[in-house]
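Reading through the structure tokens given below for one structure.
Just so it is clear: chains get the letters A, B, ... in the order the sequence lines come, proteins before strands, and each one is counted from 1.
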Amino acid sequence: MLDVNLIRKDPDMVRDLLSRKGFEVDFSEYLEKDRARRDLIFRTEQLKAEKNKVSALVPVLRKGGRDVSDTLARMRQVADDIRDGEAQMAALDAWIRDFLDALPNLPDPSLPAGGKENNRVVRVFGTAPVFDFPPLHHVDLAESLGVVDYPRGARLGGSGHWVYRRDGARLEWALLNYFIEAHLADGYEFMLPPHLLTWACGYTAGQFPKFRDDVYQLRSDDTPDGFTHFILPTAETALVNLHRDEILDEEVLPLRYCAYTPCYRKEAGSYRSEERGMIRGHQFNKIEMFQYVRPEDADAALEELVGKAERLVQGLGLHHRVSRLAAGDCSAAMRRTYDIEVWIPSMNDFKEVSSASDAGDYQARRGNIRFRRKETGKPEFVHTLNASGLATSRIFPAILECNQDASGRVRIPEVLRKWMGGQEFLARPS
RNA sequence: GGAGAGAUGGUCGAGUUGGUUUAAGGCACCGGACUUGAAAUCCGGCGUAGAUGCGAAUCUACCGUGAGUUCGAAUCUCACUCUCUCCGCCA
């Protein structure tokens, strides 16, 4: 949700910023309706004030033995007028709400306009591994080592699903432990939220109503619109709703959270043949980091989140890069985003393992999440930031492919071994 | 799934035969007085959002949510959500 006062004050500036995201909008009808709405509020409230005044007078007149039937008749008319006004208001409000709900967040003014092609790489770590033998694709490695079962995953869940098995399951679990431990050391609270969320959660996150069809929904004949819950596409959707409709004390900020959940995504139409294996599945594991901060602390928080995600990848010894996304490549709710991408040899390309974003007050406005500033005593919207820390579904293939040797063995990164019985290599099935 | 009870500002809590209750009062918190300082005491302040206005201020809405009855609803009616207790089922 954008600040309506900003749109009233400088609609051209807002329009120009949105167009950098590739979102074209004309505010003239909105501004007209906004004006009409305020006029209507003024008229209706005056009627209500009269109603309240006269209603309080009725018992006094009665006590004085006066006939009030004329007064009641007149008030019946006023009550009708109020009802009319409120009906008009409801129609205007609905139009305005739909309009505002559809507006994405403003991009940070410092971002270049346009899409992916204008992303800028800001840091690169390591170099691509060089092999003195023909390296295998992670799907082939995983199958020969028996660590991922793709055919049976598809049997269970359809395409885009797999089963982690044996040391694959342990490696996956070790990665999650490695991430969580790092966050705990940095003072983040670890939590396990529900995976089935209500409509309001999707709205606050900025995913609904526009992107409601991108998530898996649970439907029922018992509800008016058939919708009951959706399955979270990322733990961010849960974490951003934790403090919905709250006014936080300034002293508790920044709130630093991390959560583990699987992420469930339809990924309709996004499959590409080179994304064979676990690069893009309908379910993947992720530790999400999330912060609620004061507006002035958002810059530092974003750098902290990116830094944390980078260190995790570095700890695994994987070649990766950090990019600052152009306005159009940031998702709708975000004002700026860094992507951290890890090198996948078989794709000869980098794939995203973490996205660190600053939502500004966009989500906080939708979820009515505020804090009371000590200095002024007034509530203000918090700023919310999130970053994966990390998603495993690209890390796992990267480890397999980058750590393979000529004999088809895969070396386990040092930092993970304590969760894998001290093993140096993934065991072959006997 | 069934039965019962409940939901009131940051918190506790009164108000539920509809109309001086303008949502009382306590606690917490903030400011001031007193005090060497603190405590205690006293005084004052103290929810959120919106509209009009340069401002002072005035008005409106909000008592779980949404409808309804009425000149007038925290209070009456209906639906829903959540919490608690008990029963049933269950990993």
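Here the side chains of Pro104(A) and Leu18(A) are in contact, with some heavy-atom distance below 4.5 Å. Ile231(A) is not listed as a side-chain neighbour of Val215(A), based on a closest heavy-atom distance of 4.5 Å or more. Looking at heavy atoms from C-beta onward, Asp339(A) lies in side-chain contact with Thr337(A) at the 4.5 angstrom threshold.
A gap of 13 Å separates the P atoms of A39(B) and G32(B), to the nearest Å. Here, G15(B) and G9(B) have their P atoms 16 Å apart, quoted to the whole Å. Taking atom C1' on both nucleotides, U17(B) is separated from A5(B) by 22 Å, rounded to a whole Å. On the P atoms, U65(B) is 14 Å away from U11(B), given to the nearest whole Å. Only the P atoms considered, U8(B) is 16 Å distant from A74(B), to the nearest whole Å. On the P atoms, G31(B) is 15 Å away from C46(B), given to the nearest whole Å. C54(B) sits 44 Å from C42(B) when the P atoms are compared, rounded to a whole Å. Comparing the P positions of C80(B) and A3(B) gives a spacing of 12 Å, expressed to the nearest Å.
When both pairing distances are held under 3.5 Å, C89(B) makes no Watson-Crick or G-U pair with any nucleotide shown. In this structure, U22(B) forms no base pair with any nucleotide, since neither Watson-Crick nor G-U wobble geometry is met with both distances under 3.5 Å. Across all strands shown, G37(B) forms no Watson-Crick or G-U wobble pair with both distances under 3.5 Å. Under the Watson-Crick or G-U wobble criterion, with both distances below 3.5 Å, C42(B) is paired with G32(B). Of the nucleotides present, U48(B) is the one that pairs with A61(B) by Watson-Crick or G-U wobble criteria, both distances under 3.5 Å. In this structure G55(B) sits in no base pair that meets the Watson-Crick or G-U test at under 3.5 Å. Within the shown strands, C82(B) is the pairing partner of G6(B) under the Watson-Crick or G-U definition, both distances less than 3.5 Å. In this structure U77(B) sits in a base pair with A67(B), meeting the Watson-Crick or G-U test at under 3.5 Å.
Gln88(A) and Asp84(A) form no side-chain donor-acceptor contact under 3.5 Å, judged by distance and modelled atom types alone. Residues Tyr257(A) and Glu288(A) bring no donor and acceptor atom of their side chains to less than 3.5 Å of each other.
Among the atoms of the strands shown, none is found under 4.0 Å from any heavy atom of Arg74(A). Residue contacts for Arg365(A): at a heavy-atom cut-off of 4.0 Å it reaches no nucleic acid atom on any strand shown. At a threshold of 4.0 angstrom between heavy atoms, the contacts of Val58(A) include nucleobase atoms, whether or not backbone atoms are also involved. If you check every strand for non-hydrogen atoms under 4.0 Å, Asp249(A) touches nothing.
A tilted orientation is assigned to the rings of His183(A) and Tyr188(A), their planes being inclined by 30° to 60°. Between Tyr30(A) and Phe99(A), the ring planes are parallel. Angles under 30° get that label, and only those over 60° would be called perpendicular.
The residue among Met75(A) and Ile247(A) whose nearest nucleotide of RNA chain B is located toward the 5' end is Ile247(A). For the pair Arg370(A) and Phe42(A), nearest-nucleotide mapping onto RNA chain B gives the more 5' position to Arg370(A).
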Begin with the C-alpha distance, continue with both residues' side-chain angles, and end with the deciding distance and a verdict on ring pair (Phe, Tyr, Trp, His ring centres under 6.0 Å) for Phe396(A) and Tyr164(A). CA-CA 11 Å; Phe396(A) 192 106; Tyr164(A) 292 102; 5.3 Å; yes

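Taking every nucleotide of RNA chain B with any atom under 4.0 Å from a non-hydrogen atom of chain A, the first and last of them, 5' to 3', are G19(B) to G72(B).
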